[in-house]
Amino acid sequence: MKIATFNVNGIKARLNAVTDWLDESQPDVVLCQEIKSVDQGFPREPFEDRGYNVETHGQKGFNGVAILSKRPLEDVRRGLPGDDSDEQARWIEATVMGDHHAVRVCGLYLPNGNPAPGPKYDYKLAWMQRLEARARDLLADEMPALMAGDYNVIPQAEDAARPEAWKDDALYLPQTRAAFRRILNLGFTEAFRARTEAPGYYSFWDYQAGAWEKNNGIRIDHLLLTPAAADLMTDCQIDAFARGREKPSDHVPVWIDLAA
DNA sequence: ATGCCCGCACACTGCGGA
């Protein structure tokens, strides 16, 4: 079962880029972030025509997450638990039935947090605390589970082409990386790093200043697997080629294959 | 030192993004 995360940066602006990639890459499940659309405005047809079930959790203008799945989705839940006053659409989860295992898949769009320090950074850190709580609950369940999405976290220096440029940024501040590491240390496997030690692999290149042409990227889109899910992983790759296409997102898909 | 480029909305300018 091939499961991908993809920050599309506007699903309506990205229709061709996303459907072209779906046709080539043939993922079973896609966790989408930054759909920048309300639920009613999500263009369902191109995905349903390709055999995908579509579940959205959108809001007007910004943020918004969705799940596309060729397999039926059960027990869909929207919104990260822990703060009923949080209006931002950044979390959606569901159960996908594999041939041998049911997998709980969680799609997330973690707050950017800039400028730091400030209220936006406080919101990011508070959101990461709620994420840690949900992560603990996922580990306590028997079902293989994963949390995948745009984490807005550069875990280590080797995950940026120019780490010195990010030292005061909310994506790379020590507090941010510590909060990410706390979640990992609960027992999660960061899928890409579990399979590739080398530096120089990125999932985001800014639209500005020729970042793609210079390969000035950062790796901020991650899949975190519970031990039961990590045992099933057979592959993990970054589809960097998508960044070189026409009218691309600034992020590219990252995917895993699970023997589920 | 700052902005570069995008997408979206109370849209022809401002905001958020990273």
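Letters A, B, ... are given to chains in the order of the sequence lines, protein chains preceding strands, and every chain is numbered from 1. What's counted below: heavy atoms across the whole structure, side chains too, no hydrogens, waters or symmetry copies. Just so it is clear, the structure is predicted and the values come from calculations on it, not from any experiment.
Backbone-only engagement by A:Asn152 is indicated by non-hydrogen atom pairs under 4.0 Å involving sugar-phosphate atoms exclusively. Contact annotation for A:Lys124: no contact, since no heavy-atom pair falls under 4.0 Å across all strands. Contacts of A:Ala209 with the nucleic acid, taken as non-hydrogen atoms under 4.0 Å apart, include base atoms. Residue contacts shown for A:Asp221 are absent, as no nucleic acid heavy atom lies under 4.0 Å away. Within 4.0 Å of A:Asn9, counting heavy atoms only, lie sugar-phosphate atoms of the nucleic acid but no base atom. Counting any heavy atom pair closer than 4.0 Å across all strands shown, A:Tyr109 reaches sugar-phosphate atoms only and no base atom. Among the atoms of the strands shown, none is found under 4.0 Å from any heavy atom of A:Asn216.
By the 6.0 Å contact criterion, CD on A:Glu48 is enclosed, its count of non-hydrogen atoms from other residues, nucleotides or ligands being greater than 12.
Spacing between B:dC6 and B:dT2 at atom P, rounded to whole Å, works out to 23 Å. On the P atoms, B:dT13 is 16 Å away from B:dC4, given to the nearest whole Å. Nucleotides B:dA18 and B:dC5 have their C1' atoms positioned 12 Å apart, rounded to a whole Å. Across B:dG3 and B:dC8, the matching P atoms stand 24 Å from one another, rounded to whole Å.
In this structure, the CD1 atom of A:Ile154 is 11 Å from the P atom of B:dA18, given to the nearest Å. Rounded to whole Å, the distance from CG on A:Asn63 to P on B:dC8 is 13 Å. Rounded to a whole Å, the CD atom of A:Gln88 is 11 Å from the P atom of B:dG16. Across the protein-nucleic acid pair, A:Glu34 atom CD and B:dC5 atom C1' stand 14 Å apart, rounded to whole Å. The CD1-C1' distance, from A:Ile218 to B:dA18, rounds to 6 Å in whole Å. Atom-to-atom, NZ of A:Lys60 to P of B:dG16 comes out at 15 Å; the value is rounded to the nearest Å. One can place CD of A:Glu213 at 12 Å from P of B:dC5, the figure rounded to the nearest angstrom. Per the geometry, CG belonging to A:Asp206 stands 10 Å off P belonging to B:dC5, to the nearest Å.
Each of B:dC10, B:dA18, B:dG17 was ranked by its minimum atom distance to the side chain of A:Asn7; first place goes to B:dA18. When the nucleotides B:dA18, B:dC5, B:dC8 are ranked by their closest atom to the side chain of A:Lys36, B:dC8 comes out on top. Closest to the A:Gln208 side chain, of the nucleotides B:dC4, B:dC10, B:dG17, is B:dC4. Of the listed nucleotides (B:dG7, B:dG17, B:dC4), B:dG7 has the atom at the smallest distance from the side chain of A:Phe62. Distance from the side chain of A:Lys12 is smallest for B:dC8 among the nucleotides B:dC8, B:dC4, B:dA18. Comparing atom distances between the A:Arg14 side chain and each of B:dG17, B:dA18, B:dC6 picks out B:dC6 as nearest.
Between A:Gly61 and A:Gly210, it is A:Gly210 whose nearest contact on DNA chain B lies nearer the 5' terminus. Projected onto DNA chain B by closest heavy-atom contact, A:Asn114 and A:Lys247 fall at different nucleotides, the more 5' of which corresponds to A:Lys247.
Against the 90° criterion about 0, the sugar-base torsion of B:dC12 places it in the syn range.
Taking 4.0 angstrom as the limit, A:Asn112 places a side-chain polar atom (N or O) nearer than this to OP1 or OP2 of B:dA18. Considering only side-chain N and O atoms, A:His251 lies nowhere under 4.0 angstrom from the phosphate OP1 or OP2 of B:dG17.
Note that the CE atom of A:Met147 and the CG atom of A:Leu223 stand 10.5 Å from one another [nearest 0.5 Å].
Among the candidates A:Val96, A:Leu68, A:Thr95, the single residue satisfying the side chain to side chain contact (heavy atoms under 4.5 Å, CB included) test with A:Leu73 is A:Val96.
In this structure, A:Leu110 and A:Trp127 have side chains that are in contact, with non-hydrogen atoms separated by less than 4.5 Å.
Between the side chains of A:Trp21 and A:Asp239, at least one donor N or O lies within less than 3.5 Å of an accepting N or O. A:Asn9 and A:Tyr207 share a side-chain donor-acceptor pair at under 3.5 Å.
A donor N or O paired with an acceptor N or O is not found under 3.5 Å between the base of B:dA18 and the side-chain atoms of A:Asp169.
In this structure, the side chain of A:Lys124 engages the main chain of A:Ala170 through a donor-acceptor pair within 3.5 Å.
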